[in-house]
Amino acid sequence: MKFRPLVVLTLAAPLLLVSPSSVYGAGSSSSSSGNKNYDKYFKEGEAAEKRNNWEDAVEFYRKALKAKPKDADALNNLGFSLRSVGKKYMMEAAKAYEEALEADGNHEEALEYQGELFLWMGMLEMAHANLEKLKSLQSDEAAELQDEIDAILEQAAKLL
């Protein structure tokens with residue numbers, strides 16, 4: 001799916017109330033790949049995430065990607081970590097999710113996190129498309145994204 005900055009729903013205040021990065025942690029975990037540099041930096045990135053040290057996590061995932069370019073797990077975790085650093089990194093996070101999904105179109109966590117990012121950006125239809133893809137994969141991640149969409153819709157209903 002190509003990222004297109006098309007705003008479908010603009011509910012800025014409610015979107016700011018739902019902060020997916022504060023609720024969920026990136027979960028992509030890569031088993032040993034046989035690439036020592038990649039494995040080292042990926043594990044250091046995961047450890048930085050557990051400490052909520054998002055800036056360090058970003059740097060470790062970037063190093064992991066230098067050792068193993070286009071790795072869907074590292075790209076997904078990079079996107080999550082960028083999103084967790086702050087709003088000014090949202091477009092870079094969107095690019096990381098897009099690249100993760102180009103590497104693996106069925107990467108469930110990337111689909112979920114990209115969907116959450118779409119919600120942050122007011123792109124409800126695109127988030128819903130990710131939800132439908134997760135449902136077609138029979139992914140457990142679908143329930144988490146569904147909860148985020150439902151929360152946004154509930155907040156929107158209160159404004160009407």
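For reference, positions follow the sequence shown, starting with 1. In this text, all values refer to a predicted model and were calculated from it rather than measured experimentally.
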In Å, rounded to the nearest 0.5 Å, how long is the span from [atom1] of [X] to [atom2] of [Y]?
X	Y	atom1	atom2	value
E109	L145	CD	CG	13.0 Å
L75	K95	CG	NZ	9.0 Å
L117	M91	CG	CE	8.5 Å
K66	N37	NZ	CG	11.5 Å
I149	N130	CD1	CG	8.5 Å
K133	E108	NZ	CD	10.0 Å

Minimum heavy-atom separation for [X] and [Y], please, with both atom names.
X	Y	answer
A72	D104	CB-CB, 3.9 Å
G79	A93	O-CB, 3.4 Å
L111	G105	CD1-O, 4.0 Å

Hey, does [Y] have a side-chain heavy atom less than 4.5 Å from the side chain of [X]?
X	Y	result
M121	M126	no
E141	E144	yes
H107	L101	yes
F42	N35	no
Q114	N76	no

Decide whether [X] and [Y] are clustered together by the hydrophobic rule: side chain heavy atoms of Ile, Leu, Val, Met, Phe, Trp, Tyr closer than 4.5 Å, transitively.
X	Y	result
L65	Y38	yes
Y89	F60	no
W120	Y113	yes
L131	I152	yes

Ignoring hydrogens and geometry, is there a side-chain-to-backbone donor-acceptor pair from [X] to [Y] under 3.5 Å?
X	Y	value
Y97	F80	yes
N53	A48	no
N77	G45	no

With salt bridge (Lys or Arg N to Asp or Glu O under 4.0 Å) as the rule and sequence neighbours excluded, what pairs involving residues 51-60 come up? E59-R62
Give a yes or no on whether D140 atom CG has more than 12 heavy-atom contacts from other residues, nucleotides or ligands under 6.0 Å away. no
Not counting sequence neighbours, which residues clear salt bridge (charged side-chain N to carboxylate O under 4.0 Å, His left out) with K36? List them please. none
Between the side chains of Y61 and E49, is a donor N or O closer than 3.5 angstrom to an acceptor N or O? yes
Salt bridge or not for K63 and E44, using N-O below 4.0 Å? no
Run E112 and E148 through side-chain contact (heavy atoms from CB on, under 4.5 Å) and show every step you take. CA-CA 10 Å; E112 178 199 351; E148 294 290 332; 5.8 Å; no
